[in-house]
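Let me begin by presenting the structure, written as structure tokens, before commenting on it.
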Amino acid sequence: MTSAYDIALIPGDGIGPEVVREGLKVLDACESVFGFSTKREELPYGAEHYLKTGETMPDEEFDRLRDRNAVLLGAIGDPRVEVGLLEFAIIAGLRFKLDLYVNLRPIKLYDARFCPLKDKGPADVDMLICRENTEGAYSGIHGAVRRGTPFEVATQTMVFTRRGVERIIRYAFERAMNRPRKKVTLIDKANALRSQDIWTRTFAEVGAEYPDIKTDHAYIDAACMWMIKNPEWFDVAVTPNLFGDIITDLGAMVQGGMGIAASGNLHPGQTSMFEPIHGSAPKYKDQNKANPIATIMAVSMMLEYVGEVEASQTIEAAVSGLMAEGRIKSLGAGVHGTEELGTMIADRVRSQTPLTA
Ligand code: IPM
Ligand code: MN
């Protein structure tokens with residue numbers, strides 16, 4: 001029996017459309033090898049659409065997305081539009097309106113050549129960062145008075161709810177159950193931001209329900225240091241929204257750069273969104289220089305999420321195999337062509353034997 005999945009595409013701005021195109025090339029290859037199919041609808045949201053119509057992404061569209069299996073997003077952000085306007089309306093809009101409370105960011109090194117850390121290899125860098133994705137500093141509660149005067153006051157409120165904190169911590173423990181090292185590290189700043197005591201207590205309470213999982217703790221500043229000094233100490237980590245944003249850019253460098261770092265914005269059981277963690281990189285737009293591997297790995301995460309686990313693993317094996325053989329020489333922009341990398345990975349996926357001939 002073949003399954004069909006309903007997928008919405010938001011290629012977006014800058015390099016978004018070209019990296020999504022390569023992601024779909026690899027998805028096509030997976031469909032022909034593994035015998036499933038996708039129904040794809042491309043949505044126009046992003047800078048071009050906003051400049052033409054004044055619309056970011058309408059509420060009805062978020063509602064229509066609820067019936068889909070997944071959303072694949074390229075990148076959002078354009079220098080012609082006010083900073084943060086589209087990012088907040090579309091990326092944060094998806095996260096908040098679809099209640100995608102997990103931002104899952106795997107940090108996995110496939111080849112020691114791509115790690116900037118001395119004497120660290122794939123055995124040292126294999127972690128899963130679970131970033132809380134619907135509250136914290138991103139809750140949208142902010143304001144300013146006396147703007148532009150010497151007496152200006154600006155505020156941004158961090159919001160932590162018991163339900164919000166508990167569900168992401170629980171998700172992290174569940175993921176750890178299926179990993180060999182079975183460890184979860186809480187990363188917070190509860191020594192200085194005392195409201196984050198809610199994370200400390202909830203982590204201890206939920207952790208008590210998982211006696212087989214080892215627990216650890218690091219303040220965010222120390223966690224940045226350990227991630228460089230001893231990345232092998234991390235397995236699964238769970239952290240508030242803003243810290244998760246910051247530490248996963250650091251993590252992306254440890255795994256080889258923004259060219260490979262992918263993420264899933266999940267609400268288990270509901271429509272979830274997959275994207276590279278890099279931005280729209282306008283300077284590389286339409287130059288066939290952007291690395292599409294992060295988006296291709298986001299497609300791999302999407303396939304795992306919808307249940308095409310074998311296809312998901314085949315993409316990962318194709319990428320790591322091509323690295324091991326030295327065919328992927330660099331993860332930086334401009335070394336390989338965008339299309340070249342997409343074709344290389346799609347061809348490798350196609351060379352797998354179909355399961356059901
Ligand atoms: C990310 C991005 C976003 C974030 C921006 C574009 C709003 O940096 O997905 O990490 O801060 O979450
Ligand atoms: Mn970020």
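Hydrogens, waters and symmetry mates play no part in the numbers below; they use all other heavy atoms, side chains included. Computed from a predicted structure; not experimentally measured. Both ligands and their constituent atoms are indexed starting at 1 by order of listing.
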Which residue and atom name correspond to the protein heavy atom nearest [atom], and how close is it?
{"atom": "atom 3 (C) of ligand 1", "value": "Arg95 NH1, 4.1 Å"}
{"atom": "atom 1 (C) of ligand 1", "value": "Arg105 NH2, 3.4 Å"}
{"atom": "atom 5 (C) of ligand 1", "value": "Glu87 CB, 4.7 Å"}
{"atom": "atom 4 (C) of ligand 1", "value": "Tyr138 OH, 3.5 Å"}

* **Residues, nucleotides or ligands: over 12 heavy atoms within 6.0 Å of Arg147 CZ** => no

* Has Arg95 got its NZ or CZ under 6.0 Å from the middle of the six-membered ring of Phe88, at an angle within 45 degrees of the ring axis? -> no

* Under 6.0 Å from the six-membered ring centre of Tyr284 and within 45° of its axis: does the NZ or CZ of Lys289 meet both? -> no

Side chains of [X] and [Y]: does their closest heavy-atom pair fall under 4.5 Å?
{"X": "Leu193", "Y": "Gln196", "result": "yes"}
{"X": "Trp199", "Y": "Ile168", "result": "yes"}
{"X": "Asn133", "Y": "Tyr138", "result": "no"}
{"X": "Thr185", "Y": "His217", "result": "no"}
{"X": "Met301", "Y": "Arg105", "result": "no"}
{"X": "Gln313", "Y": "Ser300", "result": "no"}

* **Closest to atom 2 (C) of ligand 1 among Asn241, Leu242, Asp245 (heavy-atom distance)** => Asp245

* Among the protein atoms near the Mn ion (ligand 2), how many are N, O or S and lie under 2.8 Å away? -> 1

* ligand 1 versus Arg131, non-hydrogen atoms closer than 4.0 Å: side chain, backbone, both, neither? -> side chain

